[in-house]
Amino acid sequence: MTSWFDHTINGLIIGNIYGLLAVGLALIFGVSRLINFAHGSVYVVGAYVGWVAVSVLHTPFPVTLALVVILAALLGIAIERFGIRPLAGAPRIAPLLATIGLSFVLDQTVQILFSPDPRSVPMQLPNWRLEIGGGSIGMLDLLIGGIGITAAGALFAFLKLTKWGWAVRATALDRDAARVVGVDVDQVNRIVFAIAAALGGVGGVLVGMYYNVITPTMGFEATLKGIVAEVVGGVGNVPGAIVGSLLLGIIESYGVALLGTSYRNLFAFLLLIAILVLRPNGLFASRHQLPPEPMTGTFIAPSKPIGLPVPLLAALAAFAIALPLLIDNGYLIQTLTNAWLYALLGLSLTLVAGTSGQVSLGHAALLAIGGYTSALLAADYGFPVWLTIIAGGLMAAGLGTLLVSPAFRLRGHYVSIATLGIGEIVALVILNWESVTHGPIGVAGIPPLEFFGRPLYDTNAIYWVAFAIMLALALLQVRLLSSHLGRTMRAVRDDDVAARSFGISLNRYKGLAFAFGGFVAGISGAFTAHMYSFINHETFNTHISVLALTIAILGGMGNVGGAILGAVALIGLPEVFRIAAEYRILLYGIALLLLVRFRPQGLLGTV
Amino acid sequence: MTQTPPILELRDVDTFYGPVQAHFGLSLRVERGEIVCLLGGNASGKSTTMKIILGLVKPTAGDVLIDGVSVLGLSTPRIVRLGVGTVPEARRLFGAMSVRENLLMGAFTRNDKAAVAADLERVLALFPRVAERIGQQAGTLSGGEQQMVAMARALMARPRIIIMDEPTMGLSPLWVDRVLSLIRDINGEGVSIFMVEQNANLALQIADRGYVLQTGRVVIEAAAADLLVDTRIRDAYLGGAEAA
């Protein structure tokens with residue numbers, strides 16, 4: 001066993017890299033009250049700029065670093081100018097969604113330019129190590145530590161000693177007051193995004209050299225780790241972000257040493273949830289410090305929902321049912337079957353996010369719970385499939401609500417972060433709980449769908465069953481929304497303080513929304529598992545969570561018909577036009593960005 | 001002889017918040033060296049008037065002029081650079097920054113370091129209470145002290161006019177008197193004052209002229225001395241008969 005000294009050094013180095021990310025996130029949150037989900041993408045871009053510089057241009061290390069700093073800073077300025085500033089008057093969750101869209105666009109652009117294959121960043125330093133006691137410190141360790149300390153020192157000097165540094169702090173404390181003493185807050189934002197992006201980009205290069213591998217998909221995890229570190233330190237608190245990062249690095253390093261690599265992220269997300277629930281202002285929030293602004297304001301653009309006449313809806317449903325008889329195109333029918341399953345997910349999210357106001361970023365976890373429950377019960381224990389699918393729905397409803405219940409007390413951005421973290425925890429538990437879930441191998445040979453004991457292989461039959469389930473649950477949801485339950489949930493969404501003062505128990509209604517939504521999503525996940533016959537911990541990943549959100553926004557938050565339309569549009573159209581997979585995620589990112597910017601009420605309007 | 005234009009003038013301003021109209025043809029002016037007071041009850045459009053002047057809200061019609069030049073479309077920092085200082089409602093200090101840092105933030109638009117340092121001395125001489133607290137975090141000061149810092153911060157920009165939003169709000173009677181006499185001192189140094197107040201009785205005692213705003217319209221415009229004895233004002237803002 002290697003010494004605790006090595007684990008400590010390793011933890012500090014990783015913590016240093018998290019710190020480069022978290023400090024930027026804290027600065028951005030400070031001046032914009034925004035959690036920047038595109039931050040990890042800047043880190044990816046930084047890593048690839050570094051790779052190009054070292055492997056193609058053969059620049060020496062200082063030049064590499066300078067190139068990364070400059071290009072990443074420019075990217076940060078562009079993100080602020082085109083992604084964030086146009087949304088100045090929008091609800092607070094809008095820029096957050098925009099940064100998710102931006103992260104998809106940036107990550108996929110890198111992937112298209114450089115291929116998804118991992119690349120190695122050659123280390124430009126002599127491979128020299130200093131032996132201390134039972135452990136050792138390498139040149140790169142010292143370099144990363146040195147850059148971290150230098151960057152932190154420079155940042156503090158900037159904030160404490162320079163005029164614009166003061167402007168940044170003043171803007172973070174009171175944006176309007178800063179404006180009336182003559183601070184150009186747009187310029188402050190630009191400076192902050194440039195600094196944050198430069199630090200993030202440097203983090204990308206260093207991590208590339210440290211692990212000797214970079215991939216276009218590493219950004220999302222980096223964003224999450226940065227956010228965890230930031231939340232631990234207290235959002236918007238720059239010194240707190242540094243301490244939080246080092247703490248996270250060390251906890252991860254010790255955790256990995258004790259339990260193995262696949263547990264690394266589990267520690268991070270458990271820490272996140274623990275902090276969010278127990279000390280939402282972070283470890284270092286002082287007693288007299290005001291809590292961060294209550295970030296209410298869900299993503300509801302006031303609009304009149306477009307009401308479709310019942311005969312038209314009935315005609316559309318009849319057409320959907322008759323479609324397999326009208327055309328003989330198995331591919332199209334399969335695509336639409338997929339669309340109905342995504343529509344279920346969209347229905348679930350539109351209820352949770354649009355009606356009770358909990359913008360969930362971990363919704364794919366409900367699919368995973370439903371899918372795994374049904375798949376394992378049918379494949380390992382031999383229960384009939386129709387029963388296991390219902391069990392999947394119930395499990396997703398119960399377990400999903402239970403898991404997310406600690407987050408019920410949170411609001412706004414914190415709900416999104418918490419659901420994201422819970423979603424990741426579900427995926428990590430599936431990965432690590434091998435005795436039950438088969439771990440990384442996944443579940444293979446899942447029995448096919450059946451209809452009262454008769455296995456369903458026929459594409460058209462599967463299509464009809466999927467459509468029938470979707471239609472039934474959609475009608476149920478319409479019924480639910482028009483009842484007093486739906487009205488109460490909307491009251492919770494629009495003003496939870498007012499709702500509470502009328503005697504509404506928030507937790508109960510949030511719980512009901514998650515339970516019904518969880519059931520719908522669980523059924524979708526279970527159905528999908530039997531249709532694919534194979535699932536693993538990556539089948540239902542975060543991309544699907546974000547896709548679900550895009551579906552709900554495209555259709556119009558809270559709008560049942562909108563969720564179905566959104567699913568058909570986002571799942572069906574790319575298939576029909578045969579868009580390759582890597583461009584598809586790019587497309588989803590662009591769709592999300594454009595929607596948030598130009599049509600926040602979606603196609604059919606919010607309810 | 002050409003007449004000097006008023007330092008601040010609003011001409012026929014209409015303002016909307018979405019479908020709600022906040023101002024209806026609002027016109028008012030502040031001449032050089034004057035203290036002008038804007039009176040009005042809740043939701044009369046007083047604070048919106050402040051935001052219009054500072055460019056934080058754009059009017060849908062009408063014009064805002066400083067020294068006779070339109071400032072419509074200018075950003076807030078540009079307007080501040082023209083010599084408009086602000087004491088915002090509820091003071092709005094940078095709570096986690098020191099008093100010194102707050103004061104120097106007031107001079108953010110200026111680049112003349114030596115003159116800023118000299119002005120800091122001058123302002124501290126005017127506000128000895130602030131000088132005592134110079135190293136303290138602004139958020140830890142009492143309400144009256146914070147009001148002093150807010151006024152001192154506004155002075156640091158070397159403004160020619162200071163816009164004050166309810167400078168006596170939430171202060172004890174003792175501090176109200178101090179603040180009003182300081183406003184008079186500041187005005188004595190040649191700085192024009194435009195203040196919004198609910199505390200009409202006291203504000204009118206130091207003001208030259210006053211406007212009364214009611215649901216977005218100026219309903220009375222008169223010299224402060226006349227307003228003090230105007231029965232309509234007494235009934236509406238001075239507590240009616242009891243004030244007499």
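Just so you know, these numbers use all the heavy atoms, side chains as well, and skip hydrogens, waters and symmetry mates. Nothing here was measured: the structure is a model prediction, and the numbers come from that model.
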Can you tell me how far the [atom1] atom of [X] sits from the [atom2] atom of [Y], to the nearest 0.5 Å?
| X | Y | atom1 | atom2 | result |
| --- | --- | --- | --- | --- |
| A:D176 | B:T76 | CG | OG1 | 9.0 Å |
| A:R175 | B:R92 | CZ | CZ | 12.0 Å |
| B:R91 | A:D174 | CZ | CG | 12.5 Å |

[X] versus chain A, heavy atoms under 4.5 Å apart: side chain, backbone, both or neither?
| X | result |
| --- | --- |
| B:A157 | neither |
| B:L56 | side chain |
| B:R153 | side chain |

Taking all heavy atoms of [X] and all of [Y], pick out the closest pair and write down the distance.
| X | Y | value |
| --- | --- | --- |
| A:R179 | B:V80 | O-CG2, 4.2 Å |
| A:A167 | B:M105 | CA-CE, 3.9 Å |
| B:P77 | A:G182 | CB-O, 3.4 Å |

Top of B:L93, B:N102, B:L104, B:L54 for chain A proximity - count of heavy-atom pairs under 4.5 angstrom
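With the most close heavy-atom pairs to chain A, the winner is B:L104.
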
More than 12 heavy atoms of other residues, nucleotides or ligands under 6.0 Å from [atom1] of [X]: yes or no?
| X | atom1 | result |
| --- | --- | --- |
| B:Y17 | OH | yes |
| B:R110 | CZ | yes |
| A:R190 | CZ | yes |
| B:K58 | NZ | yes |

Can you find a pair of side-chain heavy atoms, one from B:E101 and one from A:W166, that are under 4.5 Å apart?
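B:E101 reaches A:W166 side chain to side chain.
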
Going by heavy atoms in the side chains, are A:V181 and B:M156 under 4.5 Å from each other?
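Of all side-chain heavy-atom pairs linking B:M156 with A:V181, none is under 4.5 Å.
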
Select one option (side chain, backbone, both, neither) describing which atoms of A:A178 are under 4.5 Å from chain B's heavy atoms.
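Contact with chain B: backbone and side chain both.
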
